[in-house]
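For reference, the structure discussed in these notes is given below.
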Protein chains: 2
Amino acid sequence: MTGDPHDEHLEPVYESLRKRGHRITAQREIILQIFREQPHGTHLSAEELYSNLLGRGSTVSLATTYRTLKLLSTLGLLRELDFAEGHKHYELKQDKVPHQHIICISCNTTIEFEDHFLEEAGQKIGARYNFEVIDAQFKIFGTCPACKASPPTGRTMRHNKNP
Amino acid sequence: MTGDPHDEHLEPVYESLRKRGHRITAQREIILQIFREQPHGTHLSAEELYSNLLGRGSTVSLATTYRTLKLLSTLGLLRELDFAEGHKHYELKQDKVPHQHIICISCNTTIEFEDHFLEEAGQKIGARYNFEVIDAQFKIFGTCPACKASPPTGRTMRHNKNP
DNA sequence: ATTCGTGCAAAATCTTTGCATTCGA
DNA sequence: TCGAATGCAAAGATTTTGCACGAAT
């Protein structure tokens, strides 16, 4: 994209780390790399990221995976998303317009959409309360067309867990 | 408020339960009762609700507490809120304008605000995708004025857990 | 009478942490 | 060098579940 791949450490992402006294380790680099490779809008859970890491031969531990996700989220480099599934998801925070989510509480399907107004609203409202805004998330929970048509089962519904 | 307290079972809340074949049990009643008694905007975690139950002599089990919270959320009677603290919070869904939240990722303080536009936006966007909207949540994560001024510690920050 | 809901306790998930070692600045 | 970061394994926290009994319709 920018040309020289060795400019990496000059990227704002690494600046954010350095600025606050955090070190740039191989583990943090590869984790950020994985997020960069994801199609825009992809959100990974800690386990998914960990599997991806193992898949490419990395020896990053699960503990470090969690620690890194938390750190990067705190720094505002990742968005921490919660779809009420019992675990969190993370995605790289782009400079572009962030997207928001619609989540089906029956099948967990998520649909993404962009909305400039919501972004601005987050900034404005945060400013109103003197908050330093890291991320604004708009989430719509409901039932998707498919699940409206055919409920999971006739009886007590259940979220998809281990299919 | 309305007059006759025995109209309870005619309330829309109970209608929602019956309508879908769910029974009205003493456990569900007392849990709903507790939520009704909370000041508007209060959000309880499962454990907080459970403590409240025990406090008033109820013998509702923690398992039922969880099951009821999930059921009532699915029915749209409660809002399930996630402030990235590792556990969820619930609040009674009022007919009034729902409020949204600003959360400090450092001290976990939450501030509430209302915004008519956001409510409408949730409905409209959901409709655009043919979703049956149960709840729309706008959350702003950031650092509150106090924490901006005095970071928790000089070193690695940590969320408040068991003070 | 049925069928759903509950309680109990065990289990499953997800995440965090203490400590010794390793590594980045 | 020297504190920050990591790996490992164990612990913690939160939520779910199987089963037998009790309750609501």
Side-chain angles (χ1 to χ4, degrees), chain A residues 8-9 14-15 17-32 44-51 53-54 58-75 80-90 108 153-162, chain B residues 9 14-15 17-32 44-51 53-54 58-75 80-90 108 153-163:
Chain A
E8 266 193 2
H9 284 202
Y14 293 101
E15 272 307 295
L17 280 171
R18 280 223 194 69
K19 209 182 318 177
R20 309 214 199 174
H22 297 292
R23 295 174 179 174
I24 297 175
T25 65
Q27 291 86 339
R28 288 171 183 171
E29 285 190 297
I30 189 174
I31 286 176
L32 279 165
L44 304 173
S45 66
E47 285 291 352
E48 286 167 342
L49 171 59
Y50 184 57
S51 298
L53 284 163
L54 295 183
S58 167
T59 59
V60 177
S61 70
L62 184 57
T64 294
T65 300
Y66 273 105
R67 283 190 276 233
T68 303
L69 287 172
K70 175 161 282 186
L71 173 66
L72 298 181
S73 297
T74 301
L75 295 180
E80 188 178 70
L81 303 167
D82 211 303
F83 300 136
E85 290 178 79
H87 58 265
K88 298 183 176 64
H89 285 263
Y90 300 82
N108 286 332
T153 322
R155 50 193 69 259
T156 308
M157 66 191 64
R158 176 158 302 166
H159 285 243
N160 294 336
K161 269 302 163 59
N162 299 316
Chain B
H9 284 201
Y14 294 101
E15 272 306 295
L17 280 171
R18 281 223 192 71
K19 208 183 319 180
R20 309 214 198 176
H22 298 292
R23 294 174 179 172
I24 298 175
T25 64
Q27 291 87 339
R28 289 172 182 170
E29 286 190 298
I30 190 174
I31 286 176
L32 279 165
L44 305 173
S45 65
E47 285 292 351
E48 286 167 341
L49 171 58
Y50 184 57
S51 297
L53 284 163
L54 296 184
S58 168
T59 59
V60 177
S61 69
L62 184 56
T64 292
T65 300
Y66 274 104
R67 284 190 276 235
T68 302
L69 287 172
K70 174 160 283 186
L71 173 67
L72 298 180
S73 298
T74 300
L75 295 180
E80 187 179 70
L81 303 167
D82 210 305
F83 301 136
E85 291 179 77
H87 58 264
K88 298 182 176 66
H89 285 262
Y90 300 82
N108 286 332
T153 322
R155 51 191 68 260
T156 308
M157 66 192 64
R158 177 159 304 167
H159 285 243
N160 293 337
K161 268 303 163 57
N162 299 316

Distance check needed: D:dA13 P versus A:Lys88 NZ, whole Å only. 15 Å
First encountered from the 5' end of DNA chain C, between B:Arg67 and B:Gly21: B:Gly21
Tell me: CD1 of B:Ile30 to P of C:dT6, nearest whole Å? 12 Å
So, is A:His87 close to the C:dC14 phosphate, meaning a side-chain N or O under 4.0 Å from OP1 or OP2? yes
If I take atom CG in residue B:Leu62 and atom P in nucleotide C:dA9, what distance separates them, rounded to the nearest angstrom? 12 Å
Give a yes/no answer on whether the side chain of A:Thr68 brings an N or O atom under 4.0 Å of OP1 or OP2 in D:dA5. no
Compare every heavy atom of A:His87 with every heavy atom of A:Asp82, then report the nearest pair and how far apart it is. OD1-O, 4.3 Å
Without decimals, in angstroms, what is the distance between A:Tyr50 OH and C:dC14 C1'? 14 Å
Could you tell me the separation between the CD1 atom of B:Ile24 and the P atom of D:dT25, rounded to a whole number of Å? 6 Å
For B:Arg28, which contact category applies under a 4.0 Å heavy-atom criterion: base, sugar-phosphate, or nothing? sugar-phosphate
Considering just the side-chain nitrogens and oxygens of A:Gln27, establish if one lies under 4.0 Å of OP1 or OP2 belonging to D:dG7. yes
Would one find a side-chain N or O of B:His22 under 4.0 angstrom from OP1 or OP2 of C:dC4? no
Once you round it to whole Å, what is the distance between P of D:dA4 and CG of A:Leu17? 15 Å
Below the 4.0 Å mark, does D:dT14 have OP1 or OP2 next to a side-chain nitrogen or oxygen of B:Ser45? no
Interatomic distance where CG belongs to A:Leu72 and C1' belongs to D:dT6 [whole Å]: 15 Å
I'd like to know if B:Arg23 reaches the base of C:dT3 with its side chain such that a donor and an acceptor end up less than 3.5 angstrom apart. yes
For D:dT16, take OP1 and OP2 only and decide whether either is under 4.0 Å from a side-chain N or O of B:Tyr66. no
Are any side-chain N or O atoms of A:Arg28 and backbone N or O atoms of A:Arg23, one a donor and one an acceptor, separated by less than 3.5 Å? yes
Quick check on C:dT16: is either OP1 or OP2 less than 4.0 Å from any side-chain nitrogen or oxygen of A:Lys70? yes
What integer distance in Å separates A:Glu29:CD from D:dT6:C1'? 15 Å
Any idea which heavy atoms bring B:Tyr50 and B:Leu62 closest together, and the distance? CE1-N, 3.4 Å
Quiz question: going by heavy-atom distance under 3.5 Å, is there a donor-acceptor pair between the base of C:dG24 and the side chain of A:Arg18? no
Compare all side-chain heavy atoms of A:Leu71 with those of A:Leu17 and state whether any distance is below 4.5 angstrom. yes
Under 4.0 angstrom between A:Thr64 side-chain N/O and D:dG7 OP1 or OP2: yes
Short question: side chain of A:Ser58, backbone of A:Leu54 - any donor-acceptor pair under 3.5 Å? no
